[in-house]
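Everything on this sheet refers to the single structure shown next.
Bear in mind that the values here come from a model prediction, so they are computed numbers and not experimental data. Atom set for the values below is all heavy atoms of this structure, side chains included, hydrogens, waters and symmetry mates excluded.
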Amino acid sequence: MLVLVINSGSSSLKYQVRETGTDEILLAGLVERIGGPEVPDHAAALETVQEHLHGVLGERQIEAVGHRVVHGGERFAEPVLITHEIVRAIERLAPLAPLHNPAAALGIRALLEKWPKLPQVAVFDTAFHRTMPEYAWRYAVPDDLYKRHGVRRYGFHGTSHDYVAGKAAELLGIERQRFRAVIAHLGNGASITAIRQGKSIDTSMGYTPLEGLVMGTRSGDLDASIVTQLVIRGEYTAEQMDHILNQDSGLKGLSGENDMRSVVETASQGDDGAELALEVAAYRLQKYIGGYHVAVGGAQAIVFTAGIGENGWLFRQRVVGGLGALGVKLDEMSNVERSKQPRVISAPESAIPVLVVPTDEESEIAAQTAALATAQQ
């Protein structure tokens, strides 16, 4: 099936066409500066997309559209065919993902207007984590906060974790439904997921993507009283604290740089702030790996993915170097190797295989879209 994958941002629209039978990428592109004079809205962006489609595909027709939607709340545990009511539901979840869901809804509405008869599917980042048991997703706060305001752990990067779990199990020759793993999705945003029986049973991101690991600009875990005390004392407004923790913290807060490559380079030159940033980020990840190893009942694999996870061999080396208590050991040559293929980078004597598995969220969205669209025919 020929599937158009759409990732709508407030000022950009990323797109890709996949042939799901072969997983071939037929074309890909990005429309930027939506809202400006040249591309006033998402409908105008789609005109650019259509021109590109016609130029590459000729008379071949798109058969379905898959939309990446960040937050599905508690309602959406799997991909759904899009209707106007579904779009309204996505918009109602905007308070949980104010930077993402409204933009996704704009892209969806523009496509529904342009191609009303084309099957369209919403694939949610949070859906994969709906298999978490309640004891993992509950916060120890008054029940009213959950029932009235939806305060609970949702998790993110689910489409990536789902895809990588399947590829990792396949690489090791383990049936997906028997697979136990710890998967670290490490990019500017980072999360780690505990996989048991091929499903998510815990993940580091929570009510929002702020919780968990040290990220490029996000703090990850911290004492909530830091926020309340600074606001109560009048040092910062709630909005200022939100900005600090999401935009000025993490690697950037500790080193002044949010790009891991820059932090590693600066640390190699003897910069104390950069070295501390790497130590803090690696230590936080090591703690999560150890905890999730216990949670899954003994991991059959530790998997690195996404930009840093796939390419940051020095950071992988630093992280795995602290896992000696688990009997984990890297093969130095395999770790340094550059490849776009899933591979094992641990030494033969390592108690747990360590893998690098490149993620491909568009492939997973296209596959889930095709499966649902086909089932509805």
Side-chain angles (χ1 to χ4, degrees), residues 7 9-12 14 28 30 32-33 70 99-100 125 156-157 160-161 164 183-193 204-205 208-222 226 240-289 302-323 330 332-340 343 345 354-361:
N7 185 350
S10 57
S11 60
S12 66
K14 184 179 179 182
L30 175 67
E32 298 184 280
R33 299 179 182 175
V70 167
L99 299 180
H100 300 96
D125 276 6
F156 300 89
H157 294 147
S160 173
H161 285 293
V164 170
I183 299 176
H185 175 111
L186 307 178
N188 190 53
S191 64
I192 184 166
T193 293
S204 57
M205 285 180 168
T208 74
L210 180 62
E211 187 179 357
L213 302 176
V214 175
M215 305 177 223
T217 63
R218 298 182 189 132
S219 65
D221 295 336
L222 82 165
I226 294 170
Q240 287 172 326
M241 285 305 306
D242 183 75
H243 181 86
I244 289 170
L245 296 178
N246 280 287
Q247 304 296 330
D248 293 330
S249 297
L251 297 177
K252 182 180 179 181
L254 292 169
S255 72
E257 298 274 1
N258 70 288
D259 188 294
M260 176 65 80
R261 292 165 297 186
S262 298
V263 177
V264 168
E265 181 179 355
T266 306
S268 70
Q269 297 168 356
D271 184 89
D272 291 340
E275 177 61 28
L276 177 61
L278 294 175
E279 287 182 347
V280 173
Y283 179 64
R284 181 80 57 83
L285 180 52
Q286 289 159 356
K287 288 201 297 182
Y288 267 99
I289 291 172
I302 297 167
V303 189
F304 291 92
T305 191
I308 297 169
E310 295 168 27
N311 303 303
W313 68 268
L314 278 169
F315 187 66
R316 291 196 304 259
Q317 183 181 74
R318 183 184 290 258
V319 171
V320 176
L323 301 177
L330 283 182
E332 292 185 11
M333 293 300 295
S334 297
N335 182 46
V336 174
E337 176 190 1
R338 291 186 178 275
S339 173
K340 294 186 179 297
R343 63 195 188 278
I345 61 170
V354 180
L355 280 57
V356 174
V357 177
T359 191
D360 192 339
E361 293 171 281

Under the criterion side chain to side chain donor-acceptor pair (under 3.5 Å), I'd like the reasoning laid out for H157 against T359: C-alpha separation, chi angles, the key distance, then a yes or no.
CA-CA 11 Å; H157 294 147; T359 191; over 6 Å; no

Side-chain contact test, heavy atoms from C-beta onward, threshold under 4.5 Å: evaluate it for L278 versus M260 and give yes or no.
yes

State the OG-CE distance between S219 and M241, to the nearest 0.5 angstrom.
8.5 Å

Spacing of K287 atom NZ and I192 atom CD1 [to the nearest 0.5 Å]
12.5 Å

Do I345 and V320 make a side-chain contact, defined as non-hydrogen atoms from C-beta onward lying under 4.5 Å apart?
no

Does the side chain of L355 reach to within under 4.5 Å of the side chain of R343, using non-hydrogen atoms?
no

Of all the heavy-atom pairs spanning A281 and L251, show the shortest one and how long it is.
CB-CD2, 4.2 Å

For residues S160 and T305, determine if any side-chain heavy atom of one lies less than 4.5 Å from a side-chain heavy atom of the other.
yes

Does the side chain of H161 come within less than 4.5 Å of S191's, by heavy atoms?
yes

Supply the atom-to-atom distance L186 CG to N311 CG, rounded to the nearest 0.5 angstrom.
11.0 Å

Heavy-atom closest pair (F156 atom, T208 atom, distance to 0.1 Å) is CE1-C, 3.3 Å

Pairwise side-chain contact, H185 with M205, heavy-atom cut-off 4.5 Å (strictly under)
no

Assess the residue pair S249 and I244 against the criterion (side chain to side chain contact (heavy atoms under 4.5 Å, CB included)); give the C-alpha distance rounded to whole Å, side-chain angles, the decisive distance to 0.1 Å, and a yes or no.
CA-CA 6 Å; S249 297; I244 289 170; 3.9 Å; yes

Filter on salt bridge (Lys or Arg N to Asp or Glu O under 4.0 Å), then keep only pairs touching residues 246-268, sequence neighbours left out; what's left?
D248-K252, D259-R261

Pairwise side-chain contact, L210 with D242, heavy-atom cut-off 4.5 Å (strictly under)
no

Can you tell me how far CG of L330 sits from CZ of R318, rounded to the nearest 0.5 angstrom?
13.5 Å

Walk me through whether Q286 and V319 qualify under side chain to side chain contact (heavy atoms under 4.5 Å, CB included).
CA-CA 6 Å; Q286 289 159 356; V319 171; 4.1 Å; yes

Can you list the steps and then say if T193 with V164 is a side chain to side chain contact (heavy atoms under 4.5 Å, CB included)?
CA-CA 11 Å; T193 293; V164 170; over 6 Å; no

Can you name the closest pair of heavy atoms from N258 and G216 and give their distance?
CB-O, 3.4 Å

Please walk me through it: do I302 and L323 pass side chain to side chain contact (heavy atoms under 4.5 Å, CB included)?
CA-CA 11 Å; I302 297 167; L323 301 177; 4.1 Å; yes

Let me confirm one number: the CG-CG distance from N335 to L314, rounded to the nearest 0.5 Å.
8.0 Å

For the residue pair V354 and R316, establish whether any side-chain heavy-atom pair is separated by less than 4.5 Å.
no

Shortest non-hydrogen contact between V280 and V214, atoms and distance:
CG1-CG2, 3.9 Å

Please check if the number of heavy atoms outside E332 that lie under 6.0 Å from its CD is greater than 12.
no

Over all atoms of both residues, closest heavy-atom pair of S12 and L30
CB-CD1, 4.1 Å

All heavy atoms of A190 vs all of S204, minimum pair found to be O-OG, 4.5 Å

Under 3.5 Å: donor-acceptor pair, side chain of N246, backbone of R218:
no

Distance (rounded to the nearest 0.5 Å) between I289 CD1 and F304 CZ
5.0 Å

